[in-house]
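Written below as structure tokens is the structure these notes are about.
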Amino acid sequence: MITRREFQFGSLSAAGVALLGTAPQRVQASTAHIVSPKPATAQLLDAPEPVTNIWGYRGLVPGPLLEVTQGQQLSVDLVNGLPQPTTIHWHGIRIDNAMDGVAYLTQQPAIPEETFAYRFAPPDAGTYWYHPHNRTWEQMARGLYGMLIVREPQPPAVDRDVPLVFDDWRLGNDGQIDTRSFGAIHDKAHGGRMGNVLTLNGKPSDDIEVLAGDRVRLRLLNAANARIMGLQFVGHAPVVIALDGQPVAPFAPDGNVILLAPSQRADVILDMTAATGTSSKILALTQREKIHLGNIVYNSQKRRRAKPLTDAVVLPPNPMPTELDLKNAITTDLVMTGGAMGAFPMARYQGKDYAVRDLVREHGKVWAFNGEAGMTEEPLAKYQRGQTVKIRMINQTAWPHAMHFHGHHVREVAHSKRAPLPHWRDTVLMLPREEITIAFVAHNPGKWMCHCHMLEHQAGGMATWFEVS
Ligand code: C2O
Ligand code: CU
């Protein structure tokens with residue numbers, strides 16, 4: 001039993017949101033939550049630096065924490081308060097295709113002031129999130145994203161359950177989002193839109209208050225457009241219990257650092273083993289820096305319980321098909337080319353062949369899957385429902401990619417540089433020149449995107465789709 005639940009989204013209760021609180025509040029099938037993306041401001045920088053103009057769901061960054069119990073219906077009305085069309089994609093949820101929120105593939109986007117009703121019952125417990133799937137590279141960079149927690153019917157015993165949402169912003173000297181560089185070819189062709197300001201839960205830093213002896217479940221989300229982050233809780237030993245929502249055999253990550261590519265999540269158990277009155281740093285490790293984003297602050301009150309919780313936390317499995325029939329699997333190759341320092345002589349785009357220089361100039365595309373830049377009329381592949389599928393991803397580029405699959409979780413079955421990992425994920429990080437074969441049971445009918453979640457790569461051509469019938 002969760003004895004005390006607090007969330008880090010301070011402004012939420014002030015907004016009168018009935019989604020979370022100290023007692024579990026069930027979402028009623030009949031009442032839809034209005035989640036309106038709209039322009040607002042946020043204090044991303046330390047005061048007295050100015051507030052930043054952002055776009056946020058209900059005007060908040062991160063957007064409101066949505067919460068539902070596994071198998072129960074979640075009803076959300078998207079009321080578009082933006083000056084451009086938008087959708088909501090429920091990242092990682094094995095959802096009905098019509099609710100997947102992909103503009104022009106599964107739905108028409110909601111135009112300004114229009115409403116779109118999302119209704120679905122998440123089949124899997126775990127940590128998920130939501131974000132737009134139209135002009136994602138711009139809308140997410142402006143602050144549109146939020147966490148979706150699907151509770152286990154019997155959650156494991158912890159003292160606190162704390163969402164930690166990390167983001168990377170590109171701000172100018174005036175403290176405002178650099179909007180002129182949206183869609184910049186340089187970002188597309190390199191590592192994506194790297195920012196210069198990191199935030200935790202939409203703030204320059206955030207503290208988690210604990211009592212010595214507490215056991216905390218952290219829900220980590222990397223909501224950055226493009227930045228890969230290593231997360232570290234100095235002096236503490238995290239145990240990973242789920243990745244991308246799906247339970248894993250608990251393990252201690254290398255060097256106590258949890259590595260998250262854009263869009264990836266980790267559920268982590270952290271036991272508060274330091275002394276009352278102390279505090280320890282939360283760090284985000286980027287390629288070159290360690291950025292201090294907050295602290296674990298040990299309150300000076302006495303312990304919450306006489307004896308700390310010590311039993312290993314093992315989450316119950318989700319009802320996902322995990323029996324892979326690899327012998328009879330159908331294999332699809334996905335050859336990734338393009339980007340700076342990569343070979344990319346010719347590519348097709350919307351049925352026409354282009355020399356790269358023209359494709360870049362005319363359409364801003366710099367990447368291709370199997371020689372095709374961007375979404376195609378016909379799917380990459382069509383699968384029969386229930387079939388085991390292998391996708392052999394061959395990264396011929398000089399860049400890492402965070403390959404995301406809609407509607408399904410996938411598992412590595414072969415890796416060119418190491419043993420395949422046993423985890424079921426919705427996003428797989430690939431390093432330059434690596435080859436990874438993933439497999440899954442194509443159980444979910446519909447049209448599903450598969451793209452790089454470094455959003456400028458997606459916009460630059462790394463996007464395709466498959467169909468399950
Ligand atoms: Cu998180 Cu296709 O997206
Ligand atoms: Cu990429």
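When a ligand or atom number is given, it counts from 1 through the structure's own listing order.
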Is atom 1 (Cu) of ligand 1 less than 2.8 Å from at least one N/O/S atom of [X]?
X	answer
H91	yes
H133	no
H131	yes

If you measure from the Lys or Arg side-chain nitrogens to the Asp or Glu carboxylate oxygens, is any gap between R94 and D100 under 4.0 Å?
->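 Here R94 does not pair with D100 in a salt bridge, since their nearest N and O are not under 4.0 Å apart.
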Closest approach to atom 2 (Cu) of ligand 1 by H451, given as the N, O or S atom name | NE2
For the rings on Y57 and Y130, is their centre-to-centre separation under 6.0 Å?
-> yes
Step through it carefully: locate the ring centre of H406, locate the ring centre of H408, and say whether they are under 6.0 Å apart.
-> no
Verify the distance test for H406 against atom 2 (Cu) of ligand 1: any N/O/S atom under 2.8 Å, yes or no.
-> yes
Of all the atoms in H453, is at least one N, O or S atom closer to the Cu ion (ligand 2) than 2.8 Å?
->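 Here the distance criterion (N, O or S atom, under 2.8 Å) is not met by H453, so no.
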Would E434 and N395 count as having a side-chain donor-acceptor pair, cut-off 3.5 Å?
->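 No, because no side-chain N or O of E434 sits under 3.5 Å from a partner of the opposite role on N395.
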Going by the ring pair (Phe, Tyr, Trp, His ring centres under 6.0 Å) test, name the single residue among Y128, Y145, F120 that passes it with W90.
-> F120
Just to the nearest 10 degrees, tell me the angle at the Cu ion (ligand 2) spanned by H457 ND1 and H401 ND1.
->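 Value returned, to the nearest 10°, is 100°.
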Is the H453 ring parallel, tilted or perpendicular to the H131 ring (thresholds 30°, 60°)?
->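 Ring orientation, 0 to 90° scale: perpendicular.
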